[in-house]
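So that the names make sense, note that chain A is the first sequence line, chain B the second, and so on, each numbered from 1.
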Amino acid sequence: MNYWLFKSEESCYPIDALAAEKGKRAHWDGVRNYQARNLLRDEIKKGDLAFFHHSSGKPTGITGIVEIVKSGYPDHTAEDPDSQHPDPKHTEDNPIWYMVDVKLKRRFKETLPLKLLKETPGLEKMMVCQRGARLSIQPVRPEEWKIVMKLAEGL
DNA sequence: GCCAACGTTGGC
DNA sequence: GCCAACGTTGGC
């Protein structure tokens with residue numbers, strides 16, 4: 001089992017929006033970056049866990065945990081010209097973009113601020129703490145996961 | 001709102 | 001295939 005961090009702009013799709021979904025489940029669609037796509041398509045499997053991270057938030061930081069309930073499959077929203085991120089090169093026969101399905105597992109009482117993560121020993125190498133780390137789907141090391149969970153317990 | 005960092009595009 | 005220009009992300 002592997003750990004991940006999924007970024008979402010708070011103003012775009014906050015954790016409360018996921019909490020309000022039927023069954024607290026949703027497609028994690030709209031990812032249009034090849035590096036993130038490769039992770040969604042090849043690496044992220046059903047049963048994996050991911051932090052739900054608010055970017056551009058108040059504050060920005062980790063707000064909860066989602067479970068991957070369906071491994072990568074073609075992101076059909078790319079075929080819809082009215083969707084947020086259409087791509088005419090993506091077709092049913094030749095898919096380019098992928099998504100997974102997630103289910104909200106836990107919502108933290110408060111957001112764990114990015115600032116706190118950056119100050120916490122052991123998280124120095126965590127990708128989200130790196131300057132200029134824009135990747136919207138990030139791998140998380142098991143030891144980093146453990147440390148963040150400890151922080152969450154202290155909320 | 002600024003701007004650094006990064007990804008993508010496109011001319012050559 | 002290089003790389004400058006451009007667009008976007010996202011922390012601050």
Look at all strands and tell whether Glu9(A) reaches a base, only sugar-phosphate, or nothing, counting heavy atoms closer than 4.0 Å.
nothing
Of the residues in residues 112-122 of chain A, which ones touch DNA chain C at a heavy-atom distance under 4.0 Å?
Leu114(A), Lys118(A)
Under the side-chain hydrogen bond (donor to acceptor under 3.5 Å, both in side chains) test, which residues partner His85(A), sequence neighbours left out?
none
Excluding sequence neighbours, so at least two apart, what forms side-chain hydrogen bond (donor to acceptor under 3.5 Å, both in side chains) with Gln130(A)?
none
Of all nucleotides in DNA chain B with an atom under 4.0 Å from a non-hydrogen atom of chain A, which is the first and which the last going 5' to 3'?
dA4(B) to dT8(B)
Could you note down all residue pairs passing salt bridge (Lys or Arg N to Asp or Glu O under 4.0 Å) where residues 131-148 of chain A supplies at least one of them, sequence neighbours left out?
Arg141(A)-Glu144(A)
Could you pull out all donor-acceptor pairs under 3.5 Å where a side-chain atom in residues 105-118 of chain A meets a protein atom, sequence neighbours excluded?
residue	atom	partner	partner atom	Å
Arg107(A)	NH1	Asp16(A)	OD1	2.2
Lys115(A)	NZ	Glu119(A)	OE2	2.9

Does one side chain, of Asp75(A) or Thr77(A), offer a donor that lies under 3.5 Å from an acceptor on the other?
yes
Exercise answer: donor-acceptor pairs, residues 34-46 of chain A side-chain atoms, under 3.5 Å, sequence neighbours excluded:
residue	atom	partner	partner atom	Å
Arg37(A)	NH1	Ile96(A)	O	2.8
Asn38(A)	ND2	Tyr34(A)	O	3.4

Show the atom names and distances, to 0.1 Å, of all donor-acceptor pairs under 3.5 Å that link a side chain in residues 56-66 of chain A to residues at least two apart or in another chain.
residue	atom	partner	partner atom	Å
Thr60(A)	OG1	His54(A)	O	2.9
Thr63(A)	OG1	Phe52(A)	O	3.2

Counting runs of three or more consecutive pairs, Watson-Crick or G-U wobble, with each distance below 3.5 Å, where are the stems of DNA chain C?
B:1-12 with C:1-12
Once side-chain hydrogen bond (donor to acceptor under 3.5 Å, both in side chains) is applied, do any residues pair with Trp4(A), and if so which ones, sequence neighbours excluded?
Asp48(A)
Which pairs count as ring-ring contact (aromatic ring centres under 6.0 Å, His included) when at least one residue sits in residues 119-151 of chain A, sequence neighbours excluded?
Tyr3(A)-Trp145(A), Phe51(A)-Trp145(A)
Residues at least two apart in sequence or cross-chain that pass side-chain hydrogen bond (donor to acceptor under 3.5 Å, both in side chains) with Trp97(A), listed by chain then number, are Asp87(A)
